[in-house]
2 protein chains.
Amino acid sequence: MTITEVNPNDPRVVRTRQLIIDAFVDLLGKKDFYSITVSDISKQATINRATFYAHFTDKFALIDRFLSASFIEFAHKRVNQYSELTEETIQSIVITLCEYHEISQKLCRRNYEAIAPHVEKNIKVELEHMILQIMIKDCKDTDEDTLRLAANILTWSIYGVTYRWNIEKRSETPQQFAEKILPILRGGFLD
Amino acid sequence: MTITEVNPNDPRVVRTRQLIIDAFVDLLGKKDFYSITVSDISKQATINRATFYAHFTDKFALIDRFLSASFIEFAHKRVNQYSELTEETIQSIVITLCEYHEISQKLCRRNYEAIAPHVEKNIKVELEHMILQIMIKDCKDTDEDTLRLAANILTWSIYGVTYRWNIEKRSETPQQFAEKILPILRGGFLD
DNA sequence: CGACAGTTGTTGCGAATGCAACAGATTATA
DNA sequence: TATAATCTGTTGCATTCGCAACAACTGTCG
């Protein structure tokens, strides 16, 4: 655990992190996550190994941050903060998560099941935040603690069920799957 | 004229120069050479403008080095040092230069005529060196001063005639052109 | 078992880069 | 013409990065 604090706005820092991420993505296309070494990443990124450790604790922290950032970017394209908590929005979230799992698994080859647990926490935090923002805006008469609880439950439900959809067969498209589970979710979450 | 001496083997230096060159090539595809500023290049390369000046005196030095390096790489693929001074080799050199002019002009859009003079000197130095090496190896009985003279004359002839071929119509292919001018060159240069 | 090669984090120090400000030159605009 | 805006090189100082070496750990081979 080093991470000598660097200024994240320094252009050198921005560039270095991008080099690391680009190298990492490139290597993920060729090798298993577990056979990629920090040396590999550093070489590919044309940076020194010590510099890697100035930015990330280890390669788990790297994939963690990378997949979290990917999810945030991905999700914000589909569900913006001005959405309302309609069935359509919930569907969008379900579909987004399905597609996110698909993409991540493809990117990480056959290692996604091993990697997902490292990232799961961040994704859920972000997802819950998104859902909570929509709820707060949409249900101004309900107290926030209750909304937090509801957002938490909805988040875990959707994450869990889409994760399962992904590692199992994926016999349906995300769209079909979303339509199928929406009645189940509606039972409790929507007024 | 700054160029605070940097160690050309330092990986940061290698990377920075590559970033500058990549940015430059990219911009050359969009803008005229003369409307590209050092600021443009620096921004595109994600480096500081002051860093640019640590590597190149100005943008002329940049295109100079870039085109020279391109030529050297290009020429060495076609004429290696083990060639003999045959008509075939001369033809290869002529064709190489034609194609080099073509590529450079395409890269620099309609500015090649203005840029070429900056680069011409380096190209000719390199070309003369290539030709001289072949001559020395091939004519061991002739003294070196005479060979230098011959290499110099041959270099300027070929450079000049191919440059002209390029800026004028280019009604013939490099191959046809090489075949056409070879008899003229042969008159004096080949035994 | 021991020897070996490779990976992981960590450190101090020197070199490269970023920043902000500057004067002077060039170019755009009114 | 004037006057603002932009670009050019240059500088001193702060920060980041590369290097080389290190101990600790892992896996492999005989």
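Here is the naming used below: chain letters follow the sequence lines, and residue numbers restart at 1 for every chain.
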Shortest non-hydrogen separation from Thr96(A) to Arg78(A) and the atoms involved: OG1-CD, 2.9 Å
Side-chain N,O (Tyr53(B)) to OP1/OP2 (dT10(D)) below 4.0 Å: no
Atom-to-atom span, CG of Asn9(B) to C1' of dA16(C) - whole angstrom: 14 Å
Separation of atom CG in Asp32(B) from atom C1' in dT27(C), rounded to whole Å: 16 Å
Lys59(B) to Phe24(B), cation-pi by 6.0 Å centre distance and 45° axis angle: no
Sequence neighbours excluded, every pair satisfying ring pair (Phe, Tyr, Trp, His ring centres under 6.0 Å) that has a member inside residues 138-161 of chain A: His101(A)-Tyr159(A)
Expected rows: protein N/O vs nucleotides 13-18 of chain D N/O, under 3.5 Å:
unit_1	atom_1	unit_2	atom_2	d
dT15(D)	O2	Arg12(A)	NH1	2.7
dT15(D)	O2	Arg12(A)	NH2	3.1
dT16(D)	OP1	Asn7(A)	N	2.6
dT16(D)	O4'	Arg12(A)	NH2	3.4
dC17(D)	OP1	Arg12(A)	O	3.1
dC17(D)	OP1	Thr16(A)	OG1	2.6
dC17(D)	OP2	His55(A)	NE2	3.0
dC17(D)	O2	Arg12(B)	NH1	2.6
dG18(D)	OP1	Arg15(B)	NH2	2.4
dG18(D)	OP2	Asn48(A)	N	3.0
dG18(D)	OP2	Thr51(A)	OG1	2.3

Between dG18(C) (P) and Leu19(B) (CG): distance, integer Å: 9 Å
Heavy-atom pair with the smallest gap, counting every atom of Ile95(B) and Pro174(B): CG1-O, 3.8 Å
Gap between atoms CG and P, on Leu62(B) and dG9(D) respectively (whole Å): 12 Å
Side-chain (Trp165(A)) to main-chain (Ala178(A)) donor-acceptor, under 3.5 angstrom: no
Lys43(B) NZ to dC19(C) P, straight-line distance once rounded to whole Å: 13 Å
Ile41(B) CD1 - dC7(D) C1' separation (whole Å): 12 Å
4.5 Å side-chain heavy-atom contact, Val14(A) and Asn9(A): no
